[in-house]
Amino acid sequence: MNERRKPYPFDRLEPKWQAIWDETRAFHAPNPGEDNFDPNKPKFYVLDMFPYPSGAGLHVGHPEGYTATDIIARYKRLNGFNVLHPMGWDAFGLPAEQYAIKTGQHPAVTTRENVAKFKAQLKRIGFSYDWEREINTTDPAYYKWTQWIFLQIYNSWFNPKTKKAEPISTYRGDDPDGVRLAYVAEVPVNWCPELGTVLANEEVIDGKSEVGGYPVVRRPMRQWMLRITAFADRLLDGLEDLDWPKGIKLLQQNWIGKSEGAEIDFKIDRHEGKIRVFTTRPDTLYGGTFLVLAPEHSLVDLIVTEEQWPDVREYREKTARKSDLERAELTKEKTGVFTGACAINPATEQKIPIWIADYVLLGYGTGAIGGVPAHDERDLEFAKKFDLPIVEVVQPLGDQPAFGFVGDGIAINSPIINGLPTAEAKKKITRWLEERGQGKGAINYKLRDWLFSRQRYWGEPFPIVWQVSRHQALTESELPLEPPALEDFKPTGTGEPPLAKAKDWVRYSEAATRETNTMPQWAGSCWYYLRFCDPQNDRRFVGEETERYWMGGANDEARMTNDERMTKPESTGSSSFVIRHSSFQSTPGGVDLYIGGVEHAVLHLLYARFWHKVLFDLGHVSKPEPFQRLVNQGMILGEDNRKMSKRWGNVIDPLDVIEIYGADAFRCYEMFMGPLEQMKPWSMKGVEGVSRFLARVWRLMMTENQAGEWELSAAVQEIEPTKAQQKITHATVKKVTEDIEGLAFNTAISQMMIFVNAFTNTEAIPVSAMRTFLVLLNPFAPHISSELWQQLKNPGAITEQTWPVYDEKLLVEDEIEIVLQVNGKVRDRIKVPLDATNDQLDAAARGNEKVRNAVGSQTVRKVVVVANKLVNVVAA
RNA sequence: GCCGAUGUGGCGAAAUGGCAGACGCAACGGACUUAAAAUCCGUUGGGCUUAAACGGCCCGUGCCGGUUCGAGUCCGGCCAUCGGCACCA
């Protein structure tokens, strides 16, 4: 293998062109104000989800999305766009810290090494990133602004009147700390005693830590929270005008989990207070035969009777010991305990028992529910188990039984709303409750506020100090706040963050100490797309004009004009990928195309949208949404059809592939495998096939002389292409253009293969067709196309050319083949002139011998003629 | 349980409601070669018919039904695989 001849000298030419691109700054995107900035060029911002630089390096899954965006970036440049296509490192995070704990090596060192490795891999693939814009979330010059944005959030509140984030100075109440968008609360967290640290929800799998598999328990701790719930409605509504996959929108919708209903107050028998419950079905109030409180509900202590107290206490203790997983165990039976107290159903005025049960969650709604067993599965199960009364109050429209019916129907046994359909019954009973001061319409969300602090070393420190148990923001001039140099990164074991060990650092002044929590890994990735616009700016997180240019609508007009000049696909069909040609109206999102894994469907994308909206409200960014168009690439599996992992030994390193087949073959194979969004297995044989295609491209224009050197083939000549050659060239321009626009790279490559096959074994190859082809190939295989472009002695670099345009007129044939069907089955094919009329086609079909045979003794009932396509003779 | 995605040759996959399987892989046959590799040419969904070739015929896109002159594609109902959520009142 080692001495095996390369099918073409990619090992020489790929590094050569990569060096040229670096030297000529070929892919540098100038910002407004830079010397070579051209205000007439429309902008295009195409972004990858930047990676966490792990020690393992990239595997072939990472570059799938990166290759797709690179093709788009190069294509857009050839179409006259100023393209922002950056790359950077999301480098804070647990693995580097864990490694530090094990080896004592500082995370900064590990991070530097890993970044170098990742960058070398990416550069060898030949991506056209503007490396001058490289950023790293662990760089103080970067996280200075992460901390700055945190302070913007900290110094803001959500004004319910304007439904916007506003500076805290506009707040007129008496508890500013109670309304800030960043606040401190005592909340239950995932505490892992073994790791001595708190874990994020996503780091807990089935009640165990993702790292090490140690048990995780819930424990209340003082935490920083971000008030994302205030934006729930805007995060929900904002989805509408984004070009995102439907599934992702749905996931976010479900995550936000908006539900409309009512809050109803139940008086407590022989007690002062009342119990408030949330329900989406106020129309079933008459069927409410019991109340259930979450075991942790604060009212439980007040209402429980003397004799029930031992049972209640035991149940609460048992519940507290359960992990979330055990508690959510669906197969188990319902459990619960009677409190001894009763409430009054405001509709029936009957006394109903109050229970506690762990199927009611403290964190949702009011932590209490009204049990309507006849029309709720869970309540029914509970009522059956504990022998509670069941009253039917909804009559289904069909002939189903009312018992256990959970859908919409007609209210029965409910004097105030009898006979009303569910929707109206809800409205009327809610009004009735409102009039009597016993309830009101209410909306609830599943979305919780964002737990924003971590007890970790390797993250952004909070720019906050504490003085007499009150928090206070640092001033902007004190940023960046760097973490202290620590020898020992180990968790303290008490839940106190490692930063607390740096006593000198913690002591801010005589009276004040620093916050010792750090921010979660999400923080850096919440705004990195903004920093890419202006990565070296040391006065602002992003320059105003620059932000308007790359993230705003100021340039939409230029883009529109440019698009009109461009070849537009005829009809884009049903593909979900169509790049909207600026839609001729302003869109809410700034980044034009964002490609990344579906695993970030909810958290990263929701968090980033939240920060962006705060920045938008405060006037720091120009559009309300960060990402206009989102595409998720599918996972690449190992050759054995299993997920790539060390465990199966099926991980493939891009550099190993490139060593044998070259970067261009690697890129093309990544795209040729199948549709971008689909999950698909890797195949080395497949890479070989694509590599053969590139070798055929090479030999189309190059031959080996006697000395074994490659030189321009004599077959390539300055001649007019034949009609057939012209036709396939234009067909290829059309297909490749449309397929890139639709992100259907696999079929674009197929078409280029068809093109090359058509020219293989041709004695005289017209150089004009080759020129056109090389530009089409360039986004996919930039190295080989650059080299051949130079070998053909074309003026200028291929990266400076303009994308070819096709002529529809050259695609039409003089004679077309028409399919003749009888009853939908193909019987024959005939050639007819292009201008054949329907009558002529009809007659030709009826007269055709094979058609007549197939019709036999049947009568022709009808003849369907589809112009330029087929004739179907219907006989019976 | 709920929500979503997917289901087409030996394999990866194509196919505005209009010739199913483009393109690639693998396999087989041939040319070149002392030989092999590489390269080039050809065959390749299944079955039947025919001595053979040519040809001809039937079946075929997870299953069942529907709409239509015509369905891989649209509609309804199932099944399987994968992914997400999971007592959210």
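A, B, ... follow the sequence lines: proteins, then strands. Residue 1 opens every chain.
When the shell of 6.0 Å around NZ of A:Lys249 is examined, it contains more than 12 heavy atoms from other residues, nucleotides or ligands. In A:Lys385, the NZ atom is crowded: over 12 heavy atoms of neighbouring residues, nucleotides or ligands sit closer than 6.0 Å. Counting non-hydrogen atoms of other residues, nucleotides and ligands closer than 6.0 Å to CD of A:Glu377 gives a total of 12 or fewer.
Nucleotide B:A22 holds its C1' atom 19 Å from the CZ atom of A:Phe745, rounded to whole Å. Counting to the nearest Å, the P atom of B:C69 and the CG atom of A:Asn872 are 10 Å from each other. The nearest whole Å value for the distance from the CD atom in A:Gln252 to the P atom in B:G84 is 16 Å. The separation between A:Met679 atom CE and B:U6 atom P is 13 Å, rounded to whole Å. Between A:Ile818 atom CD1 and B:C19 atom P there is a gap of 12 Å when expressed in whole angstrom units. Between the CG atom of A:Leu250 and the P atom of B:A86 there is a distance of 15 Å, rounded to whole Å. Atom CE in A:Met753 sits about 11 Å away from atom P in B:C23, given to the nearest Å. For the pair A:Glu377 CD and B:C2 P, the computed distance is 9 Å after rounding to whole Å.
In B:G45 the base sits anti relative to the sugar, since the glycosidic angle is further than 90° from 0.
A:Lys385 has no side-chain polar atom (N or O) that falls below the 4.0 Å cut-off from OP1 or OP2 of B:C87. A sub-4.0 Å separation between OP1 or OP2 of B:C40 and a side-chain N or O of A:Asn757 is absent. Contact annotation: A:Arg699 side-chain N/O to B:A38 OP1/OP2 distance is not under 4.0 Å. A:Thr747 has no side-chain polar atom (N or O) that falls below the 4.0 Å cut-off from OP1 or OP2 of B:C23. A:Arg692 has a side-chain polar atom (N or O) that falls below the 4.0 Å cut-off from OP1 or OP2 of B:A26. At least one side-chain nitrogen or oxygen of A:Gln678 sits closer than 4.0 Å to the OP1 or OP2 atom of B:A13. Taking only side-chain nitrogens and oxygens, A:Lys685 comes nearer than 4.0 Å to OP1 or OP2 of B:A26. For A:Lys850 and B:G56, the shortest distance from a side-chain N or O to OP1 or OP2 is below 4.0 Å.
Counting any heavy atom pair closer than 4.0 Å across all strands shown, A:Lys869 reaches a base atom. Residue A:Leu251 is classed as a sugar-phosphate contact, given heavy-atom separations below 4.0 Å to backbone atoms only. Residue A:Glu817 is classed as a base contact, given a heavy-atom separation below 4.0 Å to a base. The residue A:Lys825 sits close only to the backbone: its heavy atoms come under 4.0 Å of sugar-phosphate atoms, none of a base. Looking at heavy-atom distances under 4.0 Å, A:Asp379 makes no contact with the nucleic acid at all. At a threshold of 4.0 angstrom between heavy atoms, the contacts of A:Asn444 with the nucleic acid are absent. Residue contacts for A:Val866: at a heavy-atom cut-off of 4.0 Å it reaches a base atom on one of the strands shown. Residue A:Lys680 is in sugar-phosphate contact alone, with no base atom involved, counting any heavy-atom pair closer than 4.0 Å across all strands shown. No contact: A:Ser683 has no heavy atom under 4.0 Å from any strand. Across all strands, A:Arg827 comes closer than 4.0 Å only to sugar-phosphate atoms, never to a base (heavy-atom distances). Using a 4.0 Å heavy-atom distance criterion, A:Val864 is classed as a base contact. Here A:Gly689 lies in heavy-atom contact (under 4.0 Å) with sugar-phosphate atoms only.
B:U8 and B:C23 have their C1' atoms separated by 16 Å, with the value rounded to a whole Å. Annotation: B:C64 and B:C79 have their C1' atoms spaced 10 Å apart (nearest Å). Taking atom C1' on both nucleotides, B:G45 is separated from B:G72 by 15 Å, rounded to a whole Å. Comparing B:C57 with B:C63, their P atoms sit 25 Å apart, to the nearest whole Å. The same atom, P, is picked in B:C54 and in B:G46; the two are 16 Å apart, to the nearest Å. For the P atom pair drawn from B:G4 and B:A14, the interatomic distance equals 23 Å after rounding to whole Å. Between B:A71 and B:C19, the distance separating the two C1' atoms is 14 Å to the nearest Å. Across the P atoms, B:U6 and B:G10 are found 23 Å apart, a figure rounded to whole Å.
Nearest to the side-chain atoms of A:Gln821 among the listed nucleotides B:G56, B:G18, B:A13 stands B:G18. Picking from B:A89, B:C85, B:C19 the nucleotide with the shortest atom distance to the side chain of A:Ile369 gives B:A89. Checking B:A13, B:G24, B:A22 against every side-chain atom of A:Ile754, the shortest atom distance belongs to B:A22.
Under the Watson-Crick or G-U wobble criterion, with both distances below 3.5 Å, B:C57 is paired with B:G47. In this entry B:A35 has no Watson-Crick or G-U wobble partner, no candidate having both defining distances under 3.5 Å. B:A22 is unpaired under the criterion used here, namely a Watson-Crick or G-U wobble arrangement in which both key atom distances are under 3.5 Å. Of all nucleotides present, only B:A80 satisfies the Watson-Crick or G-U wobble test against B:U6, with each distance under 3.5 Å. Across all strands shown, B:C40 forms a Watson-Crick or G-U wobble pair, both distances under 3.5 Å, with B:G30. Partner assigned to B:U16 is none, using Watson-Crick or G-U wobble distances below 3.5 angstrom. In this structure B:G1 sits in a base pair with B:C85, meeting the Watson-Crick or G-U test at under 3.5 Å.
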- prompt: Given the rule in the side-chain hydrogen bond (donor to acceptor under 3.5 Å, both in side chains) test, do A:Asp379 and A:Tyr359 qualify, once you have shown the distances and angles that lead to the verdict?
  reply: CA-CA 10 Å; A:Asp379 296 344; A:Tyr359 82 93; 2.8 Å; yes
message: Working note: A:Asp265 + A:Gln438, criterion side-chain hydrogen bond (donor to acceptor under 3.5 Å, both in side chains); need CA distance, chi angles, decisive distance, verdict.
response: CA-CA 5 Å; A:Asp265 291 331; A:Gln438 290 187 311; over 6 Å; no
task: In sequence, state the C-alpha distance, the side-chain angles, and the governing distance for A:Glu808 and A:Lys734, and then conclude on salt bridge (charged side-chain N to carboxylate O under 4.0 Å, His left out).
output: CA-CA 9 Å; A:Glu808 199 74 48; A:Lys734 180 180 158 106; 3.4 Å; yes
message: Pair A:Glu817, A:Lys831 - check salt bridge (charged side-chain N to carboxylate O under 4.0 Å, His left out), show working.
response: CA-CA 4 Å; A:Glu817 197 180 69; A:Lys831 293 242 180 184; 5.1 Å; no
- request: May I have the step-by-step check of salt bridge (charged side-chain N to carboxylate O under 4.0 Å, His left out) for A:Glu670 and A:Lys680, ending in yes or no?
  value: CA-CA 10 Å; A:Glu670 288 262 351; A:Lys680 44 212 177 281; over 6 Å; no
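Put simply, the side chain of A:Lys334 and the base of B:C87 share a donor and an acceptor less than 3.5 Å apart.
Outside the 6.0 Å centre-distance limit, the rings of A:Tyr8 and A:Trp710 are not counted as a close aromatic pair.
By the 6.0 Å and 45° rule, A:Lys258 does not stack over the aromatic ring of A:Tyr445.
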